[in-house]
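The next block holds one structure in the form of structure tokens; read it before the comments.
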Amino acid sequence: MKKLLLLFLIMFLNISYCYSTNNISIQFKVENEIITNIDLKNEEKYLISLNKKLQNLPKFELSKLAKRSLLNEKIKKKTIEDFYDLSKEYQISEKLFINMFKSLGFNSEEEFSGYLKNYGLSTDFLKKKLKIEGLWNKLIYQKFREQVVVDKQKIKKEISILNQKNLNNKEYYIKEILFKLEPYEQLDDKYRLIISNIKNNGFETAANIYSLSESSKYGGNVGWVKKTQLVDKISNEIDKLKKGEISKVIEFNNGYVLIQLSDIREGKNKFDINKEIDKRVNSEIDRQLNELSLIFFNKVKQKIIISEL
């Protein structure tokens with residue numbers, strides 16, 4: 001009998017220890033979906049896996065960043081559930097997954113999967129997140145494509161001028177921070193805040209914290225972009241920069257942009273003016289859709305019930 005009591009006591013202590021070390025607490029709710037501390041911890045791991053520099057942030061900053069990221073994802077998820085069945089498989093998530101691991105420098109899904117395991121993450125976890133992002137973008141395209149207006153003749157003229165100046169094959173590796181002002185914020189103050197963060201933590205971490213662009217999760221990395229694909233407002237500012245420098249604030253309808261020029265090179269591919277015009281048109285369509293996406297997101301966010309617990 002004593003042995004049974006002792007065994008029960010040991011089992012009880014083990015269970016108590018496991019519970020105390022893995023205590024689950026509810027952090028907030030988005031409509032009827034509960035978000036726990038475990039969800040937030042996984043989001044932190046996910047963000048760090050995309051930008052290792054985030055692990056140098058103070059814990060409260062990283063926690064705040066993870067909360068915002070997860071909250072935005074849940075709002076998008078709640079919205080797209082009215083249009084798509086998330087239980088189905090979508091090729092869009094597979095394509096985004098391949099693009100992701102390639103952009104991060106991995107050669108195969110297996111190699112990327114091994115990398116994710118170091119953070120306690122799985123490819124399934126990532127693909128579910130990418131499915132939400134992909135279907136959100138698909139919804140934005142379907143809802144707002146007809147509202148996008150592109151002046152193809154103007155683009156053709158601009159690219160022709162670059163071609164005449166022999167600047168048609170120039171390429172830039174750029175990073176971006178897209179931000180907006182809250183009603184209580186002043187542009188100069190917000191700019192100084194972001195620049196201070198860049199000096200202390202680097203451009204990529206500042207992009208994670210402040211940027212509203214989809215590139216924010218990747219530290220604001222846009223990658224190699226041809227000069228012909230950039231609107232004049234950005235292209236002209238980049239031309240003033242040396243490698244590593246950051247542009248002044250560039251104003252657009254949807255907010256403000258800071259650009260960092262990381263590198264410059266001459267493109268290797270033969271210049272084809274018609275292809276470059278098409279690329280620029282598509283780039284402008286994407287830019288306008290991103291603007292509309294931000295506006296739409298802010299509208300649906302106001303309608304969704306978010307409860308802090």
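Just so it is clear, the values below take in all heavy atoms, side chains as well, and ignore hydrogens, waters and symmetry mates. Residues take their numbers from the sequence shown, with the count starting at 1. Please read these numbers as outputs of a predicted model, since none were measured by experiment.
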Please work out whether the ring planes of [X] and [Y] are parallel, tilted or perpendicular, with thresholds of 30° and 60°.
X	Y	value
F144	F296	perpendicular
F112	F97	tilted
W136	F297	perpendicular

Output yes when a side-chain donor or acceptor of [X] lies under 3.5 Å from a complementary backbone atom of [Y], and no otherwise.
X	Y	result
R68	I209	yes
N290	D286	yes
K190	L181	no
S211	L178	yes

Quiz item: Under 4.0 Å between a Lys/Arg side-chain N and an Asp/Glu carboxylate O for E81 and K77?
Solution: yes
Exercise. Decide, yes or no, whether a salt bridge links K129 with E43 under the criterion of side-chain N to carboxylate O below 4.0 Å.
Key: yes
Judged by modelled atom types alone, do [X] and [Y] share a side-chain donor-acceptor pair under 3.5 Å?
X	Y	value
Y173	N221	yes
N201	N197	yes
E276	T228	yes

Quiz item: Shortest non-hydrogen contact from S213 to E176?
Solution: OG-OE2, 2.7 Å
